[in-house]
Amino acid sequence: MNWRELGFNYYKTAGNVRCIYRDGHWEEPFFTEDEYIDLHMAAACLHYGLDAFEGLKAFCGEDGRVRIFRVADNARRMQSSAERLCLPVPPVEMFVEACKEVVRRNSEFVPPYGTGASLYLRPMLFATKPCLGVRAVDEAMFVVFCSPVGPYYKDEVRPGRALLDLGCDRAAPLGTGDVKVGGNYASSIKAGDWARQEGYANVIFADSSERRYIEECMAANFFAIKGKSYITPKSTSILPSITNKSLCTLAGEMGLSVEIRRVSIDELAGFDEAGACGTAVTVAPISSITVAGEERTIDYGEKPGPVSMSLLKALQDIQYGRAEDRFGWMTEV
Ligand SMILES: Cc1ncc(COP(=O)(O)O)c(C=O)c1O
C-alpha cells in the first residue's frame, strides 16, 4: 500500500462495528465485514435528514503504538448532535469502545509511522425507523467504519486560496450549524463545488443574518494570527472543532493570547496569517481570501506563516507520539 499517496477517500477495510437502538435501549455492539446496510425505504434518515456523524483519526506513533486523538470529545459532540435531532444518544463509553474495536480489528490498515498517513474513523448515527410523519424516532443505528487516509499535504505545506461566499448560507443562527449533522453539509455542497471549479481550495461562509462576520469553512474552522494573538470566530452556528480547541490550548502554551470572538470581514486585511483547521486538513494555511462578488482579494502570501507551522508541528508531535501527551488527548488502542 502506498500510504503517502492515499487521498481522502473510502477504502475497503476488514469491517465495521454496529449497534442498534430498539425498544428503549442500545443492543450489544457487533463487528461485521458487511459494507452495506439493510434499510427500510421509509427510514427517517433518508427523508428528514435524521443523521449525525463524526470524524476522528488514529495514528501510529513513533513508538509503534496506535492511539486515537480526543475520542471522548468526539463522543460528546455526537451526543449533542443526537440531542439536537432527538435521536437516541450513544453513551460516551459505547462510542469510545466501538472506535477502539474498529481500530483493533483493522490494525493492518493503520498506516505505519513516518508516512504522514492515518486511519480515519467515521462514527455515524441515523434514524432507521420507518415513518412518514416528521417527528422524533426511537429506532436508530450507530456505526463506526474506518478508512486509511493520506496526509493532506504530500510534500511541503502549500497554502491554498479560499473563497468567501456571501451568496450561500451554511447554517442559521439558531439552526444546526453547531452540531455535526448531514443537513449542514447538504446546504454547503453547491458553494463547495462551484469554488472547486474556480480553483479554490476552500470556501469560507459568513454569518447568515448580517453577512458581516466570518463563520467557518466547509469542513473546518477558521483561524487567524495577528501579532501575538490566535483569533478564531465565535458563533452559535459553527461546529466546535476539536482541532481548533486543541490549537487554542497549544497557542496559549506558546504564549499567544487566544481570542474566541466575532471576527468581522473587515478585519481580514489586518491579519498576518489565516488558516483552516479540522481533522481532515489538520492545519491548512490560506494564501488568499477572495470575497465573491466584490472582486476583492486579501493576500497572506504563498509561504505558510511561521505561527501556523509551529501550531501544526506541536499538534502533530502529540498525535504521532513525538511529544509528551501532556493534555491527555491520546487514547491507546
Ligand atoms: C463544518 C465543520 N467545521 C469544523 C470541522 C473541524 O472539526 P474537527 O476539528 O473536530 O474535525 C469539521 C470537521 O469535522 C466540520 O465538518
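First listed ligand is number 1; within each ligand, the first listed atom is number 1.
- Annotation for R4: atom CZ counts as buried by contact number, over 12 foreign heavy atoms lying within 6.0 Å.
- Closest to atom 11 (O) of ligand 1, if we only count protein heavy atoms, is T279 OG1, 2.6 Å.
- Contacts with ligand 1 closer than 4.0 Å are made by backbone heavy atoms (N, CA, C, O) of A220 only, the side chain lying farther away.
- Of all atoms in ligand 1, listed by their number and element, those nearer than 4.0 Å to a heavy atom of N221 are 3 (N), 4 (C).
- Judged by the shortest distance from any of its heavy atoms, R77 lies inside the 4.0 Å radius around the atoms of ligand 1.
- Interface of M218 with ligand 1, defined as ligand atoms under 4.0 Å from a residue heavy atom, comprises 1 (C).
- At a 3.5 angstrom cut-off on N or O pairs, Y185 counts as close to ligand 1.
- Side-chain rings of F126 and F142 stay apart, their centers remaining 6.0 Å or farther from each other.
- Below 3.5 Å of separation, one finds no N or O of R170 facing any N or O of ligand 1.
- Note that CD of E210 and CZ of R262 are 5.5 Å apart. Values are rounded to the nearest 0.5 Å.
- At least one test fails for R18 against the ring of F30: distance under 6.0 Å to the centre or angle within 45° of the axis.
- Other members of a hydrophobic cluster containing L132 are absent, since no ILVMFWY side chain comes under 4.5 Å of it, directly or through relayed contacts.
- In this comparison of A219, G278, P240, the heavy atom closest to atom 5 (C) of ligand 1 sits on A219.
- Protein heavy atom closest to atom 4 (C) of ligand 1, with residue, atom name and distance, is E216 OE1, 3.3 Å.
- Partners of S237 by side-chain hydrogen bond (donor to acceptor under 3.5 Å, both in side chains), not counting sequence neighbours, listed by chain and number: E215, S235.
- Separation of the F223 and Y230 ring centroids falls under the 6.0 Å cut-off.
- Polar contact check, C277 against ligand 1: no nitrogen or oxygen pair lies under 3.5 Å apart.
- Under a 4.0 Å N-O distance rule, the pair E156/K303 does not qualify as a salt bridge.
- Closest protein heavy atom to atom 14 (O) of ligand 1: K180 NZ, 2.8 Å.
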